[in-house]
Each structure stands twice: as C-alpha cells, then as structure tokens.
Amino acid sequence: MEYIKKRIRDVVDFPQKGVVFKDLTTVFKDPRALHIIGWDLSQIYRDKGVTKVVGIESRGFIGGSILAFELGAGFVPARKPGKLPADTIKVTYNKEYGTDTIEMHRDAITPDDIVVIHDDVLATGGTMAAAFELVKSMNPKKIYVNFIIELSALGGREHLPADVEVTSLITY
Ligand code: AMP
C-alpha cells in the first residue's frame, strides 16, 4: 500500500479554499499502481458472489470498472442528472452548499444482484449515502460499499446504515 500512498497527490485549496484534494490521477497513470489497485480491491470481494459494481460519476468510474472486470461482474454507472439516456430513478441530497442529484437507470439492478458501490474518496459521505439509497430501492440481495481512500475525520461512514460493510483501501 505504500507504493499507492506515495503516488497520491495532495492538492491544496482545490476545488475550493480549505480542501485538500486527494488526486488519484497520479496513481492511475502509474501502470504498477493501477494493477495493485485492481488486485487489492478485488481481493476484498473475491468470495462474495458480486454480480454488479456501481461506479459513482466520475472518478468512481475508473476503480469501479477495474473492480468489475477483476471480479467478472457487470459495471453500472451512477451519474449526474440528465446524462443517462433511458428511464432513470434519482435521489437529491444535501451538500455543504446547495443540493446535488444522482441518477441510475431504473433497470440497472435486479433482486438477484449482489452489488458493490464504489467511489474513489469517502469525504462527508453524502454522495455515497444517496447512491446507496438508489441501489437499495432496486432491492438487490446485498450491497457492499467501497472506496480507495477514506477521509475518516469527516465522518462519512455515519451517513450509511451501521450494518453495511464499508471497506477502504487507505484511511487517513
Ligand atoms: P462526499 O463529501 O463524500 O459526498 O464526496 C463528494 C465527492 O467528492 C466524492 O465523489 C469524492 O470522491 C469527492 N471528494 C470529496 N472530498 C474530496 C477530497 N478531499 N479529495 C478528493 N475527492 C474528494
């Protein structure tokens, strides 16, 4: 994990003052780091029968696709409003300033599915809580939640039900 940690770039005051942004592009561009991420994420779910990985737009698409590929599962995008072409369901949630909405295709998940929802970074947890609500409304058998990085001081886990398995590769 040190190999990955060394390649995470901290960008101060992005996208606004006071935020230290964990930039993973410097991890993804390194072939060995990308390989390690795919392997380490997939090891967590190897024996869990996962059928779909949901990636949250947009940085969650990268790790989510790799994880789906490694597990032999399908990939499903959770997107910003107006991007998905077919019939969607949506959840609007509160952010620090204003609200945001995420959408999924109504037929993306079925009751037979075992799902991992993936995003790159867990910060305040609002985005993942909204994605969780969307996926849950489609009644899959089981939902796991996964991040590459968790910023534990922001308490994001508290926005998710206590019985959900939340796993992060790296915790700060
Ligand atoms: P959250 O506050 O958990 O709802 O995070 C909102 C989105 O912004 C998530 O998709 C995170 O990937 C991203 N994000 C929030 N804070 C950071 C940060 N410090 N570094 C990198 N990404 C972040």
Side-chain angles (χ1 to χ4, degrees), residues 1-30 33-34 36-38 40-42 44-45 52-68 75-84 88-105 108-109 115-137 143-172:
M1 209 46 66
E2 281 313 302
Y3 191 88
I4 305 288
K5 274 188 166 172
K6 271 193 209 146
R7 282 160 180 78
I8 297 167
R9 173 162 58 190
D10 283 357
V11 183
V12 176
D13 294 335
F14 181 90
Q16 59 197 50
K17 227 179 169 16
V19 175
V20 180
F21 191 86
K22 296 288 182 192
D23 177 20
L24 282 163
T25 64
T26 41
V27 174
F28 295 141
K29 76 175 180 181
D30 181 296
L34 189 64
I36 293 170
I37 292 271
D40 285 358
L41 286 182
S42 63
I44 302 166
Y45 302 104
K52 301 243 173 77
V53 177
V54 175
I56 300 180
E57 183 164 1
S58 57
R59 289 178 297 272
F61 290 174
I62 303 164
S65 302
I66 297 167
L67 177 57
F75 177 80
V76 170
R79 297 210 62 179
K80 290 170 182 151
K83 303 282 187 188
L84 289 168
T88 61
I89 52 174
K90 63 184 87 176
V91 168
T92 297
Y93 59 100
N94 291 319
K95 304 243 294 185
E96 203 176 345
Y97 304 103
T99 62
D100 222 334
T101 299
I102 59 166
E103 287 187 351
M104 290 176 68
H105 275 142
I109 305 289
V115 179
V116 178
I117 315 177
H118 169 88
D119 203 357
D120 65 338
V121 175
L122 172 60
T124 64
T127 309
M128 183 54 84
F132 185 88
E133 197 181 321
L134 267 187
V135 172
K136 194 166 168 52
S137 75
I143 308 171
Y144 298 97
V145 169
N146 173 261
F147 302 92
I148 298 173
I149 295 174
E150 175 170 352
L151 304 173
S152 57
L154 298 177
R157 273 182 193 243
E158 286 151 31
H159 287 93
L160 291 162
D163 60 345
V164 177
E165 266 183 54
V166 181
T167 311
S168 314
L169 282 189
I170 296 163
T171 301
Y172 290 99

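Start at 1 and go down the list; that is how both ligands and their atoms are numbered.
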- line: Looking only at protein heavy atoms, what sits closest to atom 13 (C) of ligand 1 is Arg59 NH2, 3.3 Å
message: Give me the residue, atom name and distance of the protein heavy atom closest to atom 6 (C) of ligand 1.
response: Thr127 OG1, 3.2 Å
query: If every non-hydrogen atom of Met1 is compared with every non-hydrogen atom of Asp40, which pair is closest and at what distance?
result: CE-OD2, 3.1 Å
- prompt: Closer than 4.0 angstrom: is that true for some heavy atom of Gly125 and an atom of ligand 1?
  reply: yes
Which of the ligand 1 atoms, numbered from 1, are nearer than 4.0 Å to a heavy atom of Gly126: 4 (O)
Nearest non-hydrogen partners of Ala131 and Ile56, listed with the distance: CB-CD1, 3.6 Å
task: Could you tell me whether Met128 approaches ligand 1 through its side chain, its backbone, both or neither, with non-hydrogen atoms closer than 4.0 Å?
output: neither
- prompt: Of the backbone atoms (N, CA, C, O) and the side-chain heavy atoms from C-beta on, which set of Asp120 has a member under 4.0 Å from an atom of ligand 1: side chain, backbone, both, or neither?
  reply: side chain
query: Quick check: does any side chain N or O of His159 sit under 3.5 Å from a backbone N or O of Thr124, one acting as donor and the other as acceptor?
result: yes
task: Among all protein heavy atoms, pick out the one at the shortest distance from atom 9 (C) of ligand 1; state its residue, atom name and that distance to 0.1 Å.
output: Asp119 OD2, 3.4 Å
Side chain Lys52, main chain Ala108, donor-acceptor under 3.5 Å: yes
query: Sub-3.5 Å donor-acceptor pair from the side chain of Asp119 to the main-chain atoms of Phe147, do we have one?
result: no
- prompt: Can you tell me which residue and heavy atom of the protein come closest to atom 20 (N) of ligand 1, and the distance to 0.1 Å?
  reply: Lys22 N, 2.8 Å
- prompt: So which protein heavy atom does atom 16 (N) of ligand 1 come closest to, and at what separation?
  reply: Ala123 CB, 3.4 Å
Donor-acceptor under 3.5 Å (Thr26 side chain, Arg7 main chain): yes
query: Shortest non-hydrogen contact from Val53 to Gly64?
result: CG1-O, 3.5 Å
field: Nearest-contact summary for atom 22 (N) of ligand 1 - protein heavy atom, Å
entry: Phe21 CE1, 3.4 Å
query: With a 4.0 Å heavy-atom cut-off (strictly under), which part of Val20 contacts ligand 1: side chain, backbone, both or neither?
result: backbone
message: Please list the nearest protein heavy atom to atom 2 (O) of ligand 1 with its residue and the distance rounded to 0.1 Å.
response: Thr124 OG1, 2.5 Å
message: Considering non-hydrogen atoms of the protein only, which is the closest contact for atom 17 (C) of ligand 1, and what is the distance?
response: Val121 CG1, 4.1 Å
- request: Please confirm whether the backbone N or O of Gly60 pairs with a side-chain atom of Asp120, one donor and one acceptor, at under 3.5 Å?
  value: no
query: Between Thr88 and His105, is there a donor-acceptor pair closer than 3.5 Å when you use the side chain of the first and the backbone of the second?
result: no
